[in-house]
Amino acid sequence: MSDAGRSQREPIGVIGTGYVGLVTAAGFAELGSRVFCVDIDAEKVGRLRAGEPTIYEPGLQELLARNAERISFSTEPGEALEHARLLFVAVGTPPTYSGDADLSAVHAVADAIPPASDRALVMKSTVPCGTGATLLRSFSEQGKAALAYVSCPEFLKEGSAVEDFMNPDRVVIGDEGGWAGDAVQELYAPLRSTVVRTDIASSEMVKLASNAFLATKISFINEIANVCEETGADVVEVARGMGLDERIGPKFLQAGIGFGGSCFPKDVDALKQLAGNTGYHFQLLTSVIEVNELQKRRVINKLQRHLGTLAGRRVALLGLAFKPNTDDMREASSLVLTARLLADGASVSAYDPVAEDRARELMAGLSFAPSPLEALQGADAAVLVTEWQELCELDWPAVAQAMAGDLLIDGRNALDPEAVRDAGLRYEGIGRR
Ligand code: UGA
């Protein structure tokens, strides 16, 4: 983009510098906007100011460094409020005990905006359908009728968030008309993506429904995999055959040990809860969640079938993060797997190229190894939990030599069964022949 184009771009505020906020900030800075980031966590702000990474996300550090002069970080909203009309909200919305989303951080942002302020909150945080309407009502009760609201849900995937920001499948903008929705659309214009302009409630629902649908696709193929195991079919072949139907599509048909992360488990629950609050029982999502929970435990049955009792056995876990290219451990299948193995008396060694520090905070009782082969040393069985590329390309003869046993469970159907078998290991995938 030309310097003239860049200088005409709307400056923005980004409230919350977690994974969504930081990628949004870096992405818009790359497109030429001046970005004022705000976070209440002083330690995080200090690290970001010093150029230190706070999350692991491929390409993010480079983007932040390249655009450092256009991005500032502060614990106070003053500068953002002074310079930016559009305030992107990317704060946490964790579930409460009732299963509803905790919107206190979102309300705190709205409360910090002075009355008579011609600004707009642009919601990036995942919120229940109806949040925009509630906030707009509270703006007018607080004498902040000039404050606009735009729903602009986020569809970034961890591990490819920068790429996803720069090449979105679509940009969804929900608003009530007025300047703010147009201004947000203008910000995204250089990406030349399909833009869906709609009302606020529909935009909020697009986000929840998209995540719930993708999670449903995964639970569906996992159930097909489980049936394949009983019938002699191979789920990888089945998914290939299904995915070529354009109405189905090939993506998110990879069977494995279940979905995790900060989004699917939370958002599927949130949509089920949202429906329940209106008196509607979202039966399908109840099954999606249950299938996913059972799927995480099926590996234990496989280990028991091959090893008998797990007490005193040594099991190596390859990968711990909820998926590759991230250090995120939230709702990772490895957490359930480790706890079950330890409860059954197994000893567990694990290797993850990036998530070890986060895993150490959450998991006690297992030993962390500095390399895959050290984790595999003396193991009776190994489980591929996260399909990091380096773990898919291990030297299988060396693996066979390091292990005491020969069982390798491919929890992500990511390995080449022939290569593993040629090394003298027993390969077992999820729903594979
Ligand atoms: C997900 C959505 O894909 C994003 O569009 C959305 O923006 C994001 O949630 C969010 O709401 O913030 P993410 O959680 O980063 O992104 O990760 P995914 O790549 O969707 O994977 C989620 C889980 O599903 C992982 O545990 C992954 O291993 C599992 N998965 C994915 C499968 O088991 N099989 C598949 O075929 C695909």
Side-chain angles (χ1 to χ4, degrees), residues 16 18-24 27 55-58 90-94 101 123-127 152-165 167-172 204 206-225 235-236 238-240 242-243 248-271 288-289 291-293 295-296 298-299 319-337 355 384-388 391-392 410-414 429-431:
Y19 141 83
V20 169
L22 213 47
V23 174
T24 304
I55 52 170
Y56 176 81
E57 187 61 43
V91 296
T93 53
M123 192 56 65
K124 279 277 162 205
S125 302
T126 301
V127 292
C152 184
E154 193 48 76
F155 302 104
L156 306 175
K157 297 184 290 301
E158 289 188 34
S160 58
V162 170
E163 165 71 18
D164 292 345
F165 180 93
N167 299 294
D169 288 342
R170 77 298 205 191
V171 171
V172 178
E204 290 168 340
V206 168
K207 169 68 191 186
L208 292 174
S210 297
N211 272 4
F213 185 77
L214 291 170
T216 303
K217 229 178 153 183
I218 299 170
S219 275
F220 180 85
I221 200 67
N222 281 339
E223 290 225 276
I224 294 291
V235 74
V236 173
V238 175
R240 190 159 65 94
M242 286 170 65
I248 298 173
K251 295 186 179 160
F252 279 68
L253 284 181
Q254 181 147 0
I257 53 174
F259 58 77
S262 63
C263 304
F264 284 174
K266 174 170 89 73
D267 292 352
V268 173
D269 261 340
L271 181 52
V288 169
I289 295 164
V291 168
N292 195 49
E293 283 312 308
Q295 200 67 15
K296 294 179 190 171
R298 276 180 72 87
V299 171
L320 295 168
F322 86 95
K323 68 173 195 177
N325 298 325
T326 176
D327 61 350
D328 201 333
M329 285 294 300
R330 284 174 287 181
E331 302 288 332
S333 297
S334 61
L335 294 169
V336 172
L337 204 53
L384 179 79
V385 180
T386 315
E387 67 277 36
W388 287 96
L391 297 176
C392 296
D410 178 1
R412 296 292 175 187
N413 287 350
I430 308 293

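No experiment lies behind these values; they were computed from the predicted model shown. Each ligand, and each atom within it, is numbered from 1 in the order the structure gives.
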Between the protein and ligand 1, which nitrogen or oxygen pairs come in under 3.5 Å, and how far apart is each?
residue  : atom   : partner : partner atom : Å
ligand 1 : 5 (O)  : Phe155  : O            : 3.0
ligand 1 : 7 (O)  : Glu154  : O            : 3.3
ligand 1 : 7 (O)  : Phe155  : O            : 3.3
ligand 1 : 7 (O)  : Leu156  : N            : 3.1
ligand 1 : 7 (O)  : Leu156  : O            : 2.7
ligand 1 : 7 (O)  : Lys207  : NZ           : 3.3
ligand 1 : 11 (O) : Lys207  : NZ           : 2.6
ligand 1 : 11 (O) : Asn211  : ND2          : 2.7
ligand 1 : 15 (O) : Glu158  : N            : 2.6
ligand 1 : 15 (O) : Lys323  : NZ           : 3.3
ligand 1 : 17 (O) : Lys323  : NZ           : 3.0
ligand 1 : 19 (O) : Lys323  : NZ           : 2.8
ligand 1 : 26 (O) : Gly260  : N            : 3.0
ligand 1 : 26 (O) : Phe322  : O            : 3.0
ligand 1 : 28 (O) : Arg412  : NH1          : 3.4
ligand 1 : 34 (N) : Gln254  : O            : 2.9
ligand 1 : 36 (O) : Leu253  : N            : 3.4
ligand 1 : 36 (O) : Gln254  : N            : 2.9

Mind checking whether Ile55 and Glu158 have side chains closer than 4.5 Å, heavy atoms only? no
Shortest non-hydrogen separation from Gly260 to Pro265 and the atoms involved: O-CD, 3.7 Å
Does Phe322 have Arg330 sitting over its ring (NZ/CZ under 6.0 Å from centre, angle to axis within 45°)? no
Which pair of heavy atoms, one from Ser219 and one from Phe259, lies closest together, and at what distance? OG-CE2, 3.7 Å
So does Glu204 pair up with Lys207, basic N to acidic O under 4.0 Å? no
Testing Thr126, Thr24, Val172 one by one against Glu154 for a side-chain contact (heavy atoms from CB on, under 4.5 Å), which residue passes? Thr24
